[in-house]
Protein chains: 2
Amino acid sequence: MSQRNECVTGDVGGGEACSLMEALGRVSGKWSIGVLMETTRGPVRFTELERALSGVSRRMLTLTLRGLERDGLLVRTVYPTVPPRVEYVATEMARELYDHLLGLTEWAERHRADIARARDAYDNAT
Amino acid sequence: MSQRNECVTGDVGGGEACSLMEALGRVSGKWSIGVLMETTRGPVRFTELERALSGVSRRMLTLTLRGLERDGLLVRTVYPTVPPRVEYVATEMARELYDHLLGLTEWAERHRADIARARDAYDNAT
DNA sequence: CTGTATCCAAGGAGATACTG
DNA sequence: CAGTATCTCCTTGGATACAG
């Protein structure tokens, strides 16, 4: 969610680290993933998101939505009724991103036990 | 790099968001990606990393290394010589993670122009 | 309903100095 | 060489109140 893309990570990997951090920057922030998941399934209203992401504040939800919209990952549609109705939906680009992220999910689940064991070992060794 | 894995993102996607944020947590932080890239190519010494990741402070490099080591993504080997010699190398698990991350890199490069355009459009629309 | 504006707390990260 | 210890700044995120 950071607007900053300094990419000061040296020349590691000939700019690969840079692209990578760029991609990760889009889904950084505590709520971006959740918003992406919800809006990938179809148009969702502000209040629906607020309910789905239990614990999110209005402020952070708004900031997250604006960030994703700005990057072209979300389309915001306003229906000028009263009360107002606003819908958010993921773009094709966002769906592609999400597909890649699913690979990470698989990795996380496959290695959850390994990681837990590594942590225990490390912590016990003080 | 955060030790915290509260995963408070509602029940979005039946825990998928949770696994995902877990995986992303391992590579969060400004220097994790760079360290992962360097140590994936083979054993590297502390000072070599310090040079490769230009701009990193000793403190942050140490914290990053400790975090990755704790999660079982890095192995730290100390050779008890004088002066001391310490080498870090990525584990198999880390290499798998890195492979998944390469997918994200490809996405970032393929859509760099789209994102830039989206940003310009958004910013111009105030 | 869908936000914006303010204030505040916690953690990430840099600079610097010191050590086995 | 390979760290640790402080101190401080800045960003992220939560709480709350207000508005079109």
Side-chain angles (χ1 to χ4, degrees), chain A residues 1-10 21 24-35 38-39 43-70 74-89 126, chain B residues 1-10 21 24-35 38-39 43-70 74-89 126:
Chain A
M1 237 159 78
S2 72
Q3 330 291 50
R4 195 154 332 281
N5 272 332
E6 299 180 4
C7 206
V8 286
T9 318
M21 292 196 25
L24 290 176
R26 325 258 165 236
V27 292
S28 75
K30 195 169 175 181
W31 309 103
S32 300
I33 301 286
V35 168
E38 292 297 316
T39 56
V44 201
R45 299 184 60 173
F46 188 89
T47 310
E48 292 177 315
L49 284 169
E50 205 175 2
R51 259 202 316 274
L53 312 179
S54 63
V56 72
S57 64
R58 272 187 175 73
R59 176 182 130 83
M60 288 316 297
L61 181 52
T62 301
L63 283 179
T64 302
L65 289 168
R66 293 292 176 272
L68 294 174
E69 187 195 357
R70 184 167 109 102
L74 238 51
V75 173
R76 176 173 180 267
T77 312
V78 183
Y79 300 95
T81 60
V82 304
R85 170 196 184 87
V86 181
E87 281 184 353
Y88 296 89
V89 66
T126 301
Chain B
M1 237 157 78
S2 72
Q3 330 291 50
R4 195 153 331 280
N5 272 333
E6 299 178 4
C7 207
V8 286
T9 318
M21 293 196 23
L24 291 176
R26 326 258 164 233
V27 293
S28 76
K30 195 169 174 180
W31 309 103
S32 301
I33 301 287
V35 168
E38 292 297 318
T39 55
V44 200
R45 300 184 59 172
F46 187 89
T47 310
E48 292 177 315
L49 284 169
E50 205 174 3
R51 258 201 317 276
L53 311 179
S54 61
V56 72
S57 64
R58 272 186 175 72
R59 176 182 131 83
M60 287 317 297
L61 181 52
T62 301
L63 283 180
T64 302
L65 289 169
R66 295 292 176 272
L68 294 174
E69 187 195 357
R70 185 167 109 102
L74 238 51
V75 173
R76 176 174 180 266
T77 312
V78 183
Y79 299 95
T81 61
V82 305
R85 171 196 185 85
V86 181
E87 282 183 352
Y88 296 89
V89 66
T126 300

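None of these values were measured; they are calculated from a predicted model. Residue numbers begin at 1 in each chain, while the letters A, B, ... track the order of the sequences.
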Just list the side-chain donor-acceptor pairs under 3.5 Å for residues 55-63 of chain A, sequence neighbours left out, or say none.
from: A:Ser57; atom 1: OG; to: A:Met60; atom 2: N; distance (Å): 3.2
from: A:Arg58; atom 1: NH1; to: A:Glu50; atom 2: OE2; distance (Å): 3.4
from: A:Thr62; atom 1: OG1; to: A:Arg58; atom 2: O; distance (Å): 2.9

Inset, instruction - Drop me the distance from B:Arg70's CZ to B:Arg26's CZ, to the nearest 0.5 angstrom. - result: 9.0 Å

Distance, rounded to the nearest Å, where [X] contributes [atom1] and [N] contributes [atom2]:
X       : N      : atom1 : atom2 : result
A:Phe46 : D:dG20 : CZ    : C1'   : 14 Å
A:Met60 : C:dC8  : CE    : C1'   : 14 Å
B:Leu65 : D:dT4  : CG    : C1'   : 14 Å
A:Leu53 : D:dG14 : CG    : C1'   : 15 Å
B:Arg66 : D:dG3  : CZ    : C1'   : 7 Å
B:Leu63 : C:dA13 : CG    : P     : 9 Å
B:Leu61 : C:dG12 : CG    : P     : 17 Å
A:Leu24 : C:dG12 : CG    : C1'   : 17 Å

Inset, instruction - Determine the minimum heavy-atom distance between A:Gly25 and A:Ser28, stating which atoms define it. - result: O-OG, 3.1 Å

Legend entry - side-chain hydrogen bond (donor to acceptor under 3.5 Å, both in side chains) partners of A:Arg76, counting only residues at least two apart: A:Tyr88

Legend entry - Minimum side-chain heavy-atom gap B:Thr39-B:Leu68 below 4.5 Å: no

Every protein N/O lying under 3.5 Å from an N/O of nucleotides 15-20 of chain C:
none

Between side-chain atoms of residues 77-86 of chain B and protein atoms elsewhere (two or more places apart, or another chain), which donor-acceptor pairs fall under 3.5 Å?
from: B:Tyr79; atom 1: OH; to: B:Glu87; atom 2: OE1; distance (Å): 3.4
from: B:Thr81; atom 1: OG1; to: B:Pro83; atom 2: O; distance (Å): 2.9
from: B:Arg85; atom 1: NH2; to: B:Glu87; atom 2: OE2; distance (Å): 3.0

Inset, instruction - Remember a base hit wins even if backbone is also touched, and classify A:Thr62 as base, sugar-phosphate or nothing at under 4.0 Å, heavy atoms. - result: base

Inset, instruction - With axes from five pairs an end, tell me the bend angle of the helix from C:dC1-D:dG20 to C:dG20-D:dC1, nearest 10°. - result: 50°

Legend entry - A:Arg45 side chain near C:dC1 phosphate (N/O to OP1/OP2, under 4.0 Å): no

Legend entry - Matching residue for A:Thr64 among A:Val35, A:Leu49, A:Leu53, A:Leu74 - test: side-chain contact (heavy atoms from CB on, under 4.5 Å): A:Val35

Inset, instruction - With a 4.0 Å heavy-atom cut-off, tell me which residues in residues 75-82 of chain B come close to DNA chain D, sorted by residue number. - result: B:Arg76

Inset, instruction - Report the residue (A:Val56 or B:Pro83) whose heavy-atom-nearest nucleotide on DNA chain D is the more 5′ of the two. - result: B:Pro83

